[in-house]
Structure formats: C-alpha cells, structure tokens
A.B. asks: 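Have a look at the structure that comes next, please.
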Amino acid sequence: MILETIVTTQSRSGLAHIAPMGVHAIADGFLVLPFRPSTTLDNLLATHTAVINYCDDVRVFAGCLTGRRDWPLRPAEKMTGQVLAAALAHTEVELVRVEEDAVRPKLFCKPVHNVNHKAFTGFNRAQFSVLEAAILVSRLSMLPWPKVETELAYLHIGFDKTAGVREREAWGWLMETVEKFKAEKTHG
Ligand SMILES: Cc1cc2nc3c(=O)[nH]c(=O)nc-3n(C[C@H](O)[C@H](O)[C@H](O)COP(=O)(O)O)c2cc1C
C-alpha cells in the first residue's frame with residue numbers, strides 16, 4: 001500500500017526540508033522512492049534519518065508544490081530531525097538499505113518511533129481531490145494538456161461538494177499554478 005505523506009529530512013548542516021512523498025508500507029517498514037534529483041534523497045543519504053508525517057491539512061501538499069514550503073516544524077523525539085507541526089501522527093525512521101537506480105533509487109527505512117498527536121476525523125473527498133490535483137501539478141510538463149483538463153474537471157466535482165476552508169485554499173494555489181502553466185504554454 002502507498003501512503004501519501006509529508007517526508008521531513010535535514011541536511012548534514014541541519015537545514016530542514018519538507019516534501020510530499022508516496023511512501024510504500026512494507027512488511028518491516030517503509031520504502032521511500034524519490035525521483036532524482038531530490039533533496040529528500042540527498043538528505044536521507046547524508047543523515048540516514050527522516051520523519052514520515054501523516055497529515056490531513058492538504059495545504060501542506062499543495063503548498064510544497066507551489067513554492068510554499070515554510071510549514072511550522074518541531075524537533076523529533078528520538079533522533080535528530082524535524083516533525084511537521086500539523087501532523088496527526090508521525091513515524092521517525094532510519095535508512096537501513098539503498099537499492100541504487102539512475103532514475104528512482106529505493107530507500108528502505110525502518111521505524112524507530114511512532115507518535116500520535118491528534119485524532120483522525122474521517123475521510124473528506126475534497127482532500128482526495130487536492131492530493132490528485134497536486135500530483136497532476138507535479139507532472140504538468142509530462143502530461144497531455146487535454147488529460148490534465150479532463151481530470152481536473154472530474155476532481156472538481158467532489159471537491160466543490162465537500163471542501164472546507166483549508167481545501168479551498170490549497171485548490172486555489174494549485175489552480176494558480178495550472179493557469180500560469182497554461183498561459184506560458186499558449187503565449188510561448
Ligand atoms: C501526493 C504526492 C506524492 C508524491 N510522491 C512522490 C514520490 O514518491 N517520489 C518523488 O520523487 N516525488 C513525489 N512527489 C513529488 C515531490 O513532492 C516533489 O517533486 C518534490 O519536490 C520532490 O523533490 P525533493 O525531494 O527535491 O523535494 C509527490 C507529490 C505529491 C503531491
């Protein structure tokens with residue numbers, strides 16, 4: 001199963017980095033698969049630690065893809081690292097094995113410490129729509145434009161029926177980026 005999470009890492013000099021990552025839940029831990037080039041990859045290889053944050057504030061996902069990476073953090077509990085303040089729960093992990101790949105290396109991580117912060121309050125369709133739209137935004141230059149438009153129109157249906165304030169703000173940031181991309185495509 002793939003979990004859509006926010007992975008926090010830090011460089012050897014202590015500079016924190018936040019990135020949405022689809023993390024594979026495997027028998028004895030997690031598999032993180034960053035596409036090269038990736039700061040998350042560089043940091044994990046340098047420090048061998050990361051925090052996997054479970055977060056229902058989709059603004060963090062949309063924000064990271066639209067130049068808003070400055071989300072409040074607090075220190076991890078059992079290792080040197082940073083926890084996303086908005087996380088409902090987090091797992092502190094250690095890198096145990098790397099399978100090298102020119103495109104997408106496999107980083108096998110083992111859990112060291114799990115913490116619950118807040119209750120999960122149920123599924124929301126607009127959160128799903130924002131996550132899917134964020135993935136589309138991360139692939140704008142690779143996807144055929146009609147596919148992007150069709151998928152966004154479909155995602156907007158569930159979004160519009162169920163979104164709250166956080167989801168609307170996140171959707172707005174993503175659509176700004178889509179519109180900018182469209183204008184650049186049209187006007188060269
Ligand atoms: C829900 C979601 C899941 C993502 N999963 C991955 C992933 O598994 N691997 C990856 O390289 N990028 C993934 N991305 C895109 C990255 O978050 C984005 O490209 C980011 O900048 C990664 O590079 P970085 O490590 O340099 O920050 C995902 C984006 C979203 C919105």
Side-chain angles (χ1 to χ4, degrees), residues 1-26 29-71 73 81-84 86-91 93 95 97-109 123-143 147-148 151-152 154-156 158-159 163 166-167 169-178 180-181:
M1 184 173 61
I2 300 177
L3 308 169
E4 303 305 344
T5 68
I6 301 294
V7 175
T8 40
T9 53
Q10 54 179 29
S11 67
R12 236 185 236 126
S13 61
L15 193 65
H17 182 74
I18 305 181
M21 289 272 159
V23 167
H24 297 232
I26 53 174
F30 301 95
L31 180 54
V32 183
L33 289 145
F35 285 101
R36 289 181 191 276
S38 158
T39 305
T40 304
L41 172 65
D42 297 344
N43 287 351
L44 254 159
L45 292 177
T47 65
H48 290 193
T49 58
V51 176
I52 298 175
N53 299 275
Y54 313 104
C55 174
D56 67 350
D57 186 343
V58 288
R59 290 178 303 180
V60 184
F61 291 84
C64 286
L65 289 180
T66 58
R68 299 167 176 89
R69 284 188 189 257
D70 198 12
W71 296 96
L73 300 169
Q82 298 291 330
V83 176
L84 182 71
L88 296 178
H90 80 264
T91 305
V93 302
L95 178 66
R97 187 161 68 86
V98 180
E99 260 180 47
E100 275 303 344
D101 186 86
V103 178
R104 203 178 185 193
K106 292 186 174 160
L107 307 178
F108 292 85
C109 297
F123 296 108
N124 170 257
R125 291 170 62 197
Q127 289 168 357
F128 159 80
S129 294
V130 171
L131 282 191
E132 288 298 323
I135 289 170
L136 284 175
V137 164
S138 76
R139 297 180 187 159
L140 279 180
S141 53
M142 291 174 257
L143 294 171
K147 182 180 162 71
V148 174
E151 295 202 3
L152 286 177
Y154 174 70
L155 292 170
H156 191 259
F159 165 80
R166 297 189 310 190
E167 291 74 28
E169 191 170 21
W171 183 269
W173 294 341
L174 292 171
M175 291 313 112
E176 254 171 46
T177 303
V178 170
K180 201 166 154 226
F181 178 82

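Only this structure's heavy atoms are used, side chains among them; waters, hydrogens and symmetry mates stay out. Order of listing sets the numbers, starting from 1, for every ligand and every atom in it. Predicted model only: the values in this text are computed from it and were never measured.
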A.B. asks: With the threshold set at 4.0 Å, does a side-chain nitrogen-carboxylate oxygen contact exist between E176 and R68?
C.D. replies: yes

A.B. asks: Please list, chain by chain and in numerical order, all residues satisfying ring-ring contact (aromatic ring centres under 6.0 Å, His included) with H156, sequence neighbours excluded.
C.D. replies: F159, W171

A.B. asks: Run the side chain to side chain contact (heavy atoms under 4.5 Å, CB included) test on H17 and R69 for me, step by step, so that the C-alpha distance in whole Å, both residues' side-chain angles and the decisive distance to 0.1 Å come before the verdict.
C.D. replies: CA-CA 8 Å; H17 182 74; R69 284 188 189 257; 3.4 Å; yes

A.B. asks: Under 3.5 Å, side chain of T8 to main-chain N/O of Q82, donor-acceptor pair present?
C.D. replies: yes

A.B. asks: Hey, which residues fall under 4.0 Å of ligand 1 on heavy atoms?
C.D. replies: E4, H17, A19, P20, M21, G22, L33, P34, F35, S38, T39, T40, L65, R69, R104, A134, I135

A.B. asks: Before giving the answer on side chain to side chain contact (heavy atoms under 4.5 Å, CB included), spell out for T5 and N53 the whole-Å C-alpha distance, their side-chain angles and the decisive distance to 0.1 Å.
C.D. replies: CA-CA 6 Å; T5 68; N53 299 275; 5.9 Å; no

A.B. asks: Would you find a donor on one side and an acceptor on the other, under 3.5 Å apart, between the side chain of R97 and the backbone of F108?
C.D. replies: no

